[in-house]
S.K.: 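Submitted below is the structure of interest, expressed as structure tokens.
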2 protein chains.
Amino acid sequence: MPDMNFAPIHAAPAGQPLYKAVARALLGAIESGQLKAGDALANEGELARDFGVSVGTLRKAVDELVAAQILLRQQGRGTFVATHTRDRFLFQFFQVQSLEGAKEFPQVETLDCTRGKADEAEAHKLGIRQGEAVLRIRNRLHLRGAAVVYDRICLPARLFKGLTEKRVLDRPSTLYHLYQVGFGVTVVRAQERLRAVACSREAARVLGLAAGAPVLQVHRVALGLNGQPVEYRVSTVDTAHHEYVSDLSPA
Amino acid sequence: MPDMNFAPIHAAPAGQPLYKAVARALLGAIESGQLKAGDALANEGELARDFGVSVGTLRKAVDELVAAQILLRQQGRGTFVATHTRDRFLFQFFQVQSLEGAKEFPQVETLDCTRGKADEAEAHKLGIRQGEAVLRIRNRLHLRGAAVVYDRICLPARLFKGLTEKRVLDRPSTLYHLYQVGFGVTVVRAQERLRAVACSREAARVLGLAAGAPVLQVHRVALGLNGQPVEYRVSTVDTAHHEYVSDLSPA
DNA sequence: CCCAATTTGTTCGTATGTATA
DNA sequence: TTATACATACGAACAAATTGG
């Protein structure tokens with residue numbers, strides 16, 4: 001654990017509660033890289049002294065980040081910056097299951113990885129200017145050997161300096177894990193918009209379908225810790241034998 | 001506010017924290033109808049005395065039910081049993097928006113309401129026996145005058161004794177609001193499974209589409225307070241000019 | 001296997017701030 | 001203005017889980 005020093009928060013309480021200010025300070029340490037994924041935080045008593053708040057207030061701040069899955073607490077061990085493991089992303093961001101409902105991890109085949117300039121749609125979704133440098137990745141996902149999903153992914157190059165095709169192809173785990181450990185970009189949530197469309201010739205070729213067959217098209221904008229868009233992804237899903245699963249829980 | 005009496009919880013702490021026991025006691029009062037939607041709870045100090053716990057513990061119990069949208073707290077006013085208003089359901093359970101992203105409330109047209117026996121799929125989804133009595137409702141939803149969604153709804157008759165076609169047709173608000181105020185059935189979450197399919201002749205007729213056009217098919221199981229299925233609904237969505245919106249947030 | 005140290009989890013009680021009626 | 005109710009903050013004590021000796 002890196003021995004960090006947090007400044008006391010006398011807090012300009014501009015209507016803002018103290019525990020929220022503490023939470024933002026912790027978040028800032030993570031965003032700026034002073035705390036990396038997997039790092040342990042100092043214990044609650046020490047953190048409370050550093051910030052100059054009570055243990056209860058410190059706990060309430062940590063509660064918020066735990067609820068957002070940014071921190072992870074384990075009784076008897078400590079508090080850690082969440083690591084985006086294979087399983088974590090499987091459950092949070094991969095919604096496709098077989099009709100029988102079995103959760104399977106997809107086998108990912110990266111087709112290519114190129115550089116380009118953002119078109120109008122990409123710029124709008126990513127909140128950048130049209131023509132800004134972007135990286136594009138195309139994936140084909142297999143479940144039980146069958147090609148089911150075709151992904152076209154677009155990343156703002158500014159956030160991923162030094163990302164090469166080799167690093168994408170050689171990644172040991174998911175893309176989101178690579179974003180986090182390689183570039184400090186942590187995806188915490190995503191907004192998806194779904195439509196049923198007739199399959200394009202390009203997608204039909206990649207998935208081995210007849211052009212015009214009904215397929216599910218998913219437009220995803222993935223958001224980072226600060227709520228900024230970090231990825232725009234268009235997925236085409238063959239739902240002949242699979243489904244997209246959504247849980248409508250209280251916000 | 002009904003003057004309720006909660007028994008002190010000496011709690012068989014079978015590993016279970018006190019605040020969870022308090023939360024379940026409150027939930028029980030709601031499920032059993034002692035507390036109805038919209039009712040105010042006694043203030044925190046009084047509730048804490050009734051339960052024989054500290055205010056902090058009582059607050060932590062209420063925190064859980066507030067997070068689940070079962071209770072609603074308002075500073076300076078009190079704590080209330082959540083009412084499923086038009087707006088509440090709009091945001092939690094109606095996911096269809098126009099391509100431009102405008103949130104609109106749909107105009108609902110109820111086509112018919114009949115009685116029958118559960119087929120195999122309905123029985124499985126609702127967790128009841130095949131052949132058990134069910135109610136079926138068919139709706140057509142319009143957005144800006146255009147027919148966009150066709151719903152086939154199936155309810156276990158056991159949970160909705162006394163539900164007549166007239167009550168369905170004359171409901172002042174949403175179906176879920178009718179479930180709650182009329183039958184004490186509160187929908188708190190739902191699980192949906194989505195596929196892109198070729199439009200059936202039946203759905204094509206209702207929505208005014210060409211049979212075979214790609215449409216989004218949504219299978220929803222709505223769950224009550226205790227997690228039991230209370231409704232099974234198959235929606236067919238014309239996504240030519242609309243989208244299904246999903247937010248992937250940390251669980 | 002047990003013991004002790006460490007760390008988070010739960011519970012208590014109190015005081016003060018803020019929104020509402 | 002006053003009273004009420006929830007929101008925030010403090011500090012203390014004990015319980016439960018983990019780790020290492």
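Order of the sequence lines fixes the chain letters, A, B, ..., with proteins taken first and strands second; residue numbering starts at 1 for each chain. All values below come from the heavy atoms of this structure, side chains included, with hydrogens, waters and symmetry mates left out.
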S.K.: For each nucleotide in nucleotides 8-13 of chain C, reading 5' to 3', give B when a protein heavy atom comes within less than 4.0 Å of its base, S when such contact involves only the sugar-phosphate, and - otherwise.
M.R.: BBBSBS

S.K.: Could you give the CG-to-P distance, from A:L71 to C:dT7, as a whole number of Å?
M.R.: 17 Å

S.K.: Should A:K60 and A:V53 count as side-chain neighbours, where that means a heavy-atom distance under 4.5 Å?
M.R.: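 Side chain of A:K60 against side chain of A:V53, heavy atoms only: no contact under 4.5 Å found.
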
S.K.: Can you confirm whether A:Q95 sits close enough to A:L194 that some side-chain heavy atom of one is under 4.5 Å from a side-chain heavy atom of the other?
M.R.: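 No. Closest side-chain heavy atoms not under 4.5 Å.
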
S.K.: Taking everything shown except B:R167 itself, do over 12 heavy atoms lie less than 6.0 Å from its CZ?
M.R.: yes

S.K.: Answer yes if the side chains of A:R144 and A:S98 hold a donor-acceptor pair under 3.5 Å, and no otherwise.
M.R.: no

S.K.: Where do A:D39 and A:Q34 come nearest, in terms of heavy atoms and distance?
M.R.: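 That would be OD2-O, 4.3 Å.
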
